[in-house]
S.K.: 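Take a look at this one; I'll ask things after.
The sequence lines fix the lettering, A, B, ..., with proteins before strands; numbering per chain opens at 1. Atoms considered below: every heavy atom in the structure, side chains included; atoms not considered: hydrogens, waters and symmetry mates. All values reported here derive from a predicted model rather than from experimental measurement.
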Amino acid sequence: MIVRKLRFINIINIINQFWGTSIACEMEYPINLYIESISVIGNLAGSILILKLLFGEGQELGGWDWARSLIVLGFYTLLEGFTISLLQPNMKRIVNQIQDGTFDFVLLKPIDSQFILSLRIFSPWGIPSVICGVSLIIFGLSMINWSLSLLLISYTIILFLCSLIILYSIWFIVSTFSIWFIRVWNANEVLRSVLVSGRYPISSYPPVLRTILTFVLPVAFLTTFPAEAILGQISYKILILAVIFSVLSFFASRIFWKFALRFYTSASS
Amino acid sequence: MSVMSIISVRNLSKNFRVSKKEPGLIGTFNHFFSRNTRTIRAVDDISFDIQHGEIVGFIGPNGAGKTTTLKMLCGLIHPSKGLVNVASYIPYQRTSSFLKQITLVMGQKQQLIWDLPPMDSLRVNASVYGLSDTEAKNRIKELSEMLDLGEELYRPVRKLSLGERMKAELMASLLHRPSILFLDEPTLGLDFNAQVRVREFLKSYNKKFQATVLLTSHYMGDINFLCDRTIIIDKGKLFFDGSLKELTSKLSPFRSVRLELTKPYTSEYFSQYGELVEFNPYYVELLIPKTSLTERLSLLLDNLPIKDLEITDPPIENLIAKMFTSNKDVL
């Protein structure tokens, strides 16, 4: 038990060092910091404006009214925050490190390589999105006189964690392909554009697309399902399905990673 | 496999598939649609053992397979054939207890965070290797004294000189106190003073912690100073395994004799003693076969007014370069 505790403290300590140094790196270039801040604010303003254009008062989109659609957008923005802070910088780094050969140093560390690659960088630029996402959700809920329910909140948290894990696993699998093809950054960009479809409720898409976005590219799991959960519109079946799906996708990413490492040839000196 | 050896390599081979591309747009187009691949053998059936605490030099021309071998030894790539055993581990399994015992330093790649001072990278590594704060502090202090690094540890890496950066890189690679060091051209690009510093540090690290070192370098100075034993490979094959002295005597059955004279002589006079390398009326350099060195030297001493005499082996760089370009049957 003591050993376990120590290990947990160790992991916290490692993440602390990883994220501390990556934030310090961002701070080394103050001008870049201002430019990034402006870009984050501009992006968010754009998102809300598009939604506002799509909805007039009293109009509906796939059975979702303005307030409830804001909640979906809130979850999307929240997810985007995590993407900007963690997924994007780390996955980009995998591709770069494999290309320039510094990936060797990752493989020579005595801790899990997937752990290092997934959590090495924390970029603070996702934080505004996380704050705005949460604010949008709260704002949407207040518009429909939502009453506080701990059960619904815990459902929502579970579903959102599942959505994070699913998104992470898909992204990690795509990045893993760089072991063979070296440059797969474009594939990541395609993935990112598909995810944008999660901005709007899944039922606002035609039936065929809806099926694809639920089961092939699990965009529905990412934003619509957590939004449905907090609105109390979700069955426990979906909850169980999401948990199973996320666990499976996580293990798939791990197995695929271990498999891919056998083919790593290391860049020449 | 001998019981004592800490590194054991048996019939090790590694094949790579490489693709060939013709230059120009058409070449690129063809290359994109049908890759012309062929298999090259980077390492070809090599075997050797290294004992605990040894410093072994690993030399050969560019592309000889040195780095590939090092990478197989530290588990970065899987061998195509053969067995590798390092400290009783199979390297490519990369167990954490194995990785805690080894380190790889590459002169051309760095793990230090470019924008931050080395101290930050050191703290990251300390946490990754699970060192406590006090442990990390003590080791940083110890290594920085050995390497003569002070306030450089608090300056961004991008503002350090190449020599300082290499020293900091060594610190980051040795913080976990590995007992087996794989060094791939650690002195690459360094000026003479920095090279000497790094060499001396490696020797003292080896003494202090009884570490085993396998080192590649293109500078014979490194090998001469550090290694009692040298392994030479070329085109993936092992050509020599022994001391540099042994290599010299095998490669060159001559010794170089330099004479300074008090009276001028003509060059013809010396042809009876050996092969003339350099000549001016007061200074002569001769290559004399080792077998007849003693008798010819005594003749020279008897017959000539010699002011100064020096006997050395011909420079090792020249011998090795000659070996790689000419036939290698000498070994």
S.K.: Heavy-atom distance under 4.5 Å to chain A: side chain of Arg158(B), backbone, both or neither?
M.R.: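 Contact with chain A is through the side chain of Arg158(B) alone.
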
S.K.: Got a second to check how far Ile77(B)'s CD1 is from Arg262(A)'s CZ, nearest 0.5 Å?
M.R.: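 If I round to the nearest 0.5 Å, the distance is 13.0 Å.
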
S.K.: Out of Ile111(A), Thr21(A), Asp112(A), which one racks up the most heavy-atom pairs below 4.5 Å with chain B?
M.R.: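 Of the options given, most contacts go to Thr21(A).
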
S.K.: Can you tell me how far the NZ atom of Lys109(A) sits from the OH atom of Tyr129(B), to the nearest 0.5 Å?
M.R.: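 Spacing of NZ (Lys109(A)) from OH (Tyr129(B)) equals 4.5 Å.
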
S.K.: Would you mind telling me which of His176(B), Arg123(B), Lys100(B) has the largest number of heavy-atom pairs within less than 4.5 Å of chain A?
M.R.: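 If we count pairs closer than 4.5 Å to chain A, Arg123(B) comes out on top.
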
S.K.: Answer yes or no: are there more than 12 heavy-atom neighbours, outside Ile90(B) itself, under 6.0 Å from its atom CD1?
M.R.: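 Check fails, neighbour count at 12 or below.
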
S.K.: Side chains of Asn10(A) and Ser127(B), heavy atoms from C-beta outward: is any pair under 4.5 Å?
M.R.: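 Not touching, per the 4.5 Å side-chain cut-off.
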
S.K.: In terms of heavy-atom pairs under 4.5 Å, which option from Leu261(A), Leu108(A), Thr102(A) contacts chain B the most?
M.R.: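 If we count pairs closer than 4.5 Å to chain B, Leu108(A) comes out on top.
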
S.K.: Measure Leu104(B) against the heavy atoms of chain A and call it side chain, backbone, both or neither at under 4.5 Å.
M.R.: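 Contact with chain A: backbone and side chain both.
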
S.K.: When you compare the side chain of His78(B) with that of Tyr264(A), does any pair of heavy atoms fall below 4.5 Å?
M.R.: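 A side-chain contact is absent here, since even the closest heavy-atom pair is not under 4.5 Å.
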
S.K.: Answer yes or no: is there a side-chain heavy-atom contact under 4.5 Å between Lys109(B) and Asp100(A)?
M.R.: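 Result no, sub-4.5 Å side-chain heavy-atom pair not found.
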
S.K.: Heavy-atom pairs under 4.5 Å with chain A - which of Lys66(B), Lys14(B), Gln110(B) has more of them than the others?
M.R.: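 With the most close heavy-atom pairs to chain A, the winner is Gln110(B).
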
S.K.: Looking only at heavy atoms, which two atoms of Glu169(B) and Phe105(A) are closest? And how far apart?
M.R.: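 Here Glu169(B) and Phe105(A) meet closest at OE2-CZ, 4.2 Å.
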
S.K.: Checking Asn125(B) against chain A: side chain, backbone, both or neither under 4.5 Å from a heavy atom?
M.R.: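 Contact with chain A involves the side chain of Asn125(B) alone.
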
S.K.: Provide the closest heavy-atom pair for Ser96(B) versus Pro110(A) in the form atom of the first, atom of the second, distance.
M.R.: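 In terms of heavy atoms, the two residues are closest at CB-O, 3.1 Å.
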
S.K.: To the nearest 0.5 Å, tell me how far Cys25(A) SG sits from Asp120(B) CG.
M.R.: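 Output value for this atom pair is 8.0 Å.
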
S.K.: State, to 0.1 Å, how close Leu107(A) and Arg94(B) come at their nearest heavy-atom pair, and which atoms those are.
M.R.: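 Reported closest heavy-atom pair: O-CD, 3.2 Å.
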
S.K.: At what distance, to the nearest 0.5 angstrom, does CD of Gln17(A) lie from CG of Leu122(B)?
M.R.: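 Result: 10.5 Å between the selected atoms.
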
S.K.: Can you tell me how far OG of Ser22(A) sits from CG of Leu116(B), rounded to the nearest 0.5 angstrom?
M.R.: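 Going from the CG atom of Leu116(B) to the OG atom of Ser22(A) covers 9.0 Å.
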
S.K.: Tell me whether Phe209(B) at atom CZ has more than 12 heavy atoms from other residues, nucleotides or ligands lying less than 6.0 Å away.
M.R.: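 Enclosed.
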
